[in-house]
Structures are given as C-alpha cells and as structure tokens.
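Data block below; observations after.
Reckoned from all heavy atoms, side chains included, excluding hydrogens, waters and symmetry mates.
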Amino acid sequence: MAMTRTRARALLLMPAGIWYGVLLLFPLAVVLVFSFGERNPIGGYAPGFTLEQYANLPARFAAFRNTLTLAPLGTLAALFIAYPLAYYLALKVSARWKTTLLIMVIVPFWTSILIRSYAWIYLLGGNGIPALLEAVGLGDIRLINTPFAVLVGIVYGYLPLMVFPIYVALEKLDRSLLEAAADLGTPPWRSFLQITLPLSMPGVLTGSMLVFILLTGEFLIPAILGGGKVFFVGNALVDLFLQSRNWAFGSAVAVALIVIMLIVVALYSRAVRRFGAGRDDIGLM
C-alpha cells in the first residue's frame with residue numbers, strides 16, 4: 001500500500017519536476033558551464049575550463065557595490081513605508097473602504113514600469129522637484145541620474161510587493177491577544193512590540209525577501225533614472241551579453257549573483273523558522 005502511494009505521488013509530481021528541470025535547472029546548468037569557458041574572438045562562448053572569468057569579477061565591483069548597497073536600502077525604505085500602510089489597511093480601515101484602498105495600492109501595477117519610471121524623469125528632472133526646491137531658496141539641487149533617483153524609483157516600483165505580504169500577516173492577527181493585552185493595562189506601544197510586530201514578522205520577511213531578490217536583478221530603473229551613472233549587476237549582464245558579447249564573463253557574473261540570492265534565501269528560511277517558533281511561544285503565553 002505504501003509503495004502504491006509512493007508511486008502515485010511520484011507520478012503526480014513528475015510533470016512539475018520535468019517542467020522545473022527543463023525551465024530552471026537546465027538553463028542554470030548552461031550558465032554554470034559557460035562561466036568556466038572563454039570568450040569567442042568573434043563574441044559569444046568558446047568551450048574551455050578556466051577560472052579566469054571568476055578572477056575578473058572585481059572588474060564589475062562597482063555594479064556589485066551599487067546592487068548590494070541600493071538593494072538593501074531600497075528594501076528597508078519600502079519596508080518602513082509599507083508597514084504603516086499595511087497596518088492601517090489591516091487593522092484600522094473599515095470593511096467598507098478596505099477593498100477600495102487595496103485596489104489603489106494595486107493600481108500602479110496596471111501601468112508599465114517603463115512608463116512610470118519615465119514619469120519620474122520629469123519629476124526628478126530640472127523642471128520638476130529641483131525647480132520647486134530652487135524656487136523656495138534651497139539652491140540648485142540635482143536629483144536625476146543619482147543613486148537617490150534610483151532609490152526613489154525602486155521604492156515606488158516595488159512598494160506594493162512589500163505591502164501585501166505584511167497586510168496578509170496582519171490580517172490573520174488574532175485580535176483577542178491585543179484585547180487581552182489592553183485589558184491587562186499594557187500600553188499600545190508595548191502591545192505592538194511584543195505581539196503585533198513578532199506575529200507579523202513572517203510577512204515582513206517574505207516581503208523583504210521578495211523585494212530584495214527582484215532588486216538584485218533589476219536593470220530598468222537604474223538604466224532610466226541612473227542615466228548610465230548608477231549600474232546594477234543587471235545592467236552589467238545586459239552589457240556583457242548583448243553589447244560586448246562576452247558570454248563567459250557574463251555567466252560568471254550571473255553565477256555570483258545567484259550565489260548571493262541563495263545566501264539570502266537561506267538566511268530568510270532560517271529567520272522564518274526562528275520567528276515561527278517565536279510565534280508558537282506567543283500563542284502559548
């Protein structure tokens with residue numbers, strides 16, 4: 001009987017396993033093989049086995065530095081903006097207005113990120129916010145084509161992806177715990193720190209991981225709002241694969257990026273297990 005169940009489970013999982021292997025594992029294997037190769041004199045890939053491409057990774061240090069600086073900063077900025085918004089939507093808004101406000105959070109996704117990023121070019125350009133700042137006497141301030149502009153575009157573009165996981169976690173919050181804390185005379189700020197925040201951490205971690213991983217591969221926002229002066233790893237990959245056609249070096253850069261993502265996912269899984277155990281402890285209190 002157990003053998004029959006095992007075979008049935010294997011048959012059910014086989015289509016998904018084949019799909020996973022063909023569309024994910026096989027391309028990753030190709031990238032890994034390419035990373036040990038060489039650049040063909042006419043561009044592309046030439047078979048070989050060398051670590052030269054990995055030794056050249058410091059040549060793209062600026063791209064990795066910008067990515068590993070602005071991606072965490074963008075994630076934190078999105079988190080600080082998204083958490084109060086998600087808290088308000090989940091715990092403070094009446095049912096009558098909740099759906100409408102949630103739709104307003106989703107509305108920006110109805111427009112292409114390309115168009116939205118171009119809108120920020122005007123807002124951060126000389127005729128936008130800098131002109132207003134100059135009019136009130138703050139001097140000539142340059143915002144476009146700077147890391148700040150890229151950070152603004154990142155927060156604007158990825159904020160909904162941070163809001164919804166936190167909202168879902170807060171929506172599932174057992175409000176009787178908050179009521180019990182209030183009955184015992186616990187101040188609201190302490191109830192938030194000891195009950196609300198720990199129980200919402202799975203949503204915080206999920207939103208943070210989702211935004212951070214997507215940001216590590218971002219190339220459109222830095223290209224548009226950075227003006228070619230703020231490069232991410234994604235921009236380096238576009239340059240290596242499509243312009244200089246150095247597929248071997250581009251593959252090595254991609255593998256390094258994948259390793260960084262795997263480390264983040266491992267830390268995320270560990271944090272989820274930790275806060276999951278903490279949530280059980282809160283439930284037992």
Side-chain angles (χ1 to χ4, degrees), residues 10 13-75 113-114 147 150 154 157-158 161 205-206 208-273:
L13 293 176
M14 185 179 297
I18 294 174
W19 186 272
Y20 178 81
V22 172
L23 296 183
L24 181 62
L25 296 182
F26 180 72
L28 289 179
V30 171
V31 171
L32 182 62
V33 171
F34 277 20
S35 69
F36 292 103
E38 299 176 350
R39 183 185 186 276
N40 193 298
I42 61 173
Y45 165 75
F49 186 81
T50 176
L51 297 177
E52 179 182 357
Q53 310 305 332
Y54 289 98
N56 289 335
L57 285 177
R60 297 291 174 170
F61 172 76
F64 279 98
R65 180 196 61 205
N66 291 336
T67 301
L68 297 179
T69 300
L70 292 178
L73 286 178
T75 302
I113 184 65
L114 179 63
V150 175
I154 284 173
Y158 287 89
L161 298 180
L205 294 172
T206 299
S208 299
M209 186 195 73
L210 181 62
V211 171
F212 178 79
I213 288 181
L214 291 176
L215 285 180
T216 56
E218 178 63 50
F219 76 95
L220 182 62
I221 294 175
I224 294 177
L225 298 180
K229 298 179 180 180
V230 182
F231 282 90
F232 273 29
V233 175
N235 303 106
L237 292 175
V238 171
D239 174 65
L240 289 170
F241 278 98
L242 300 183
Q243 297 182 18
S244 61
R245 288 180 52 79
N246 191 344
W247 292 5
F249 187 32
S251 297
V253 173
V255 169
L257 183 62
I258 291 171
V259 170
I260 293 173
M261 291 192 209
L262 290 176
I263 294 174
V264 172
V265 171
L267 294 175
Y268 162 77
S269 300
R270 181 177 179 181
V272 167
R273 289 194 298 268

Give me each pair satisfying side-chain hydrogen bond (donor to acceptor under 3.5 Å, both in side chains) with a member in residues 31-51, each pair once, sequence neighbours excluded. S35-Y54
Please report the interatomic distance OG(S208) to CG(L161), rounded to the nearest 0.5 Å. 11.5 Å
Heavy-atom pair with the smallest gap, counting every atom of P58 and A55: CD-O, 3.2 Å
Out of I213, L214, L215, which residue meets the side chain to side chain contact (heavy atoms under 4.5 Å, CB included) rule with V211? L215
Identify each donor-acceptor pair in which a side-chain atom of residues 220-231 lies under 3.5 Å from a protein atom, sequence neighbours left out, and give them as a table.
none

Walk me through whether V253 and F64 qualify under side-chain contact (heavy atoms from CB on, under 4.5 Å). CA-CA 9 Å; V253 173; F64 279 98; 3.9 Å; yes
Tell me the closest heavy-atom pair linking F249 and L57, and the distance in Å. CE1-N, 3.9 Å
Exercise answer: donor-acceptor pairs, residues 25-33 side-chain atoms, under 3.5 Å, sequence neighbours excluded:
none

Within this structure, what is the CG-CG distance for the pair N246 and D239, rounded to the nearest 0.5 Å? 9.5 Å
Roughly how far, to the nearest 0.5 Å, is CG of L242 from CH2 of W247? 9.5 Å
Side chains of L68 and I260: closer than 4.5 Å at any heavy-atom pair? yes
Answer with yes or no after comparing the ring centroid distance for F219 and F232 against a 6.0 Å cut-off, counting only values under it. no
Output for pair (F212 CZ, L73 CG), nearest 0.5 Å, gives 10.5 Å
Strictly distance-based, threshold 3.5 Å: is any side-chain N or O of E218 a donor or acceptor partner for the main-chain N or O of G234? no
Measuring from atom CG of L210 to atom CG of L205, what distance do you get when rounded to the nearest 0.5 angstrom? 12.5 Å
Quick one: do V233 and R60 satisfy side-chain contact (heavy atoms from CB on, under 4.5 Å)? Show the steps, please. CA-CA 8 Å; V233 175; R60 297 291 174 170; over 6 Å; no
Let me confirm one number: the OG1-CG distance from T75 to L70, rounded to the nearest 0.5 Å. 10.5 Å
Neighbour count above 12 (heavy atom, 6.0 Å) for I42 CD1: no
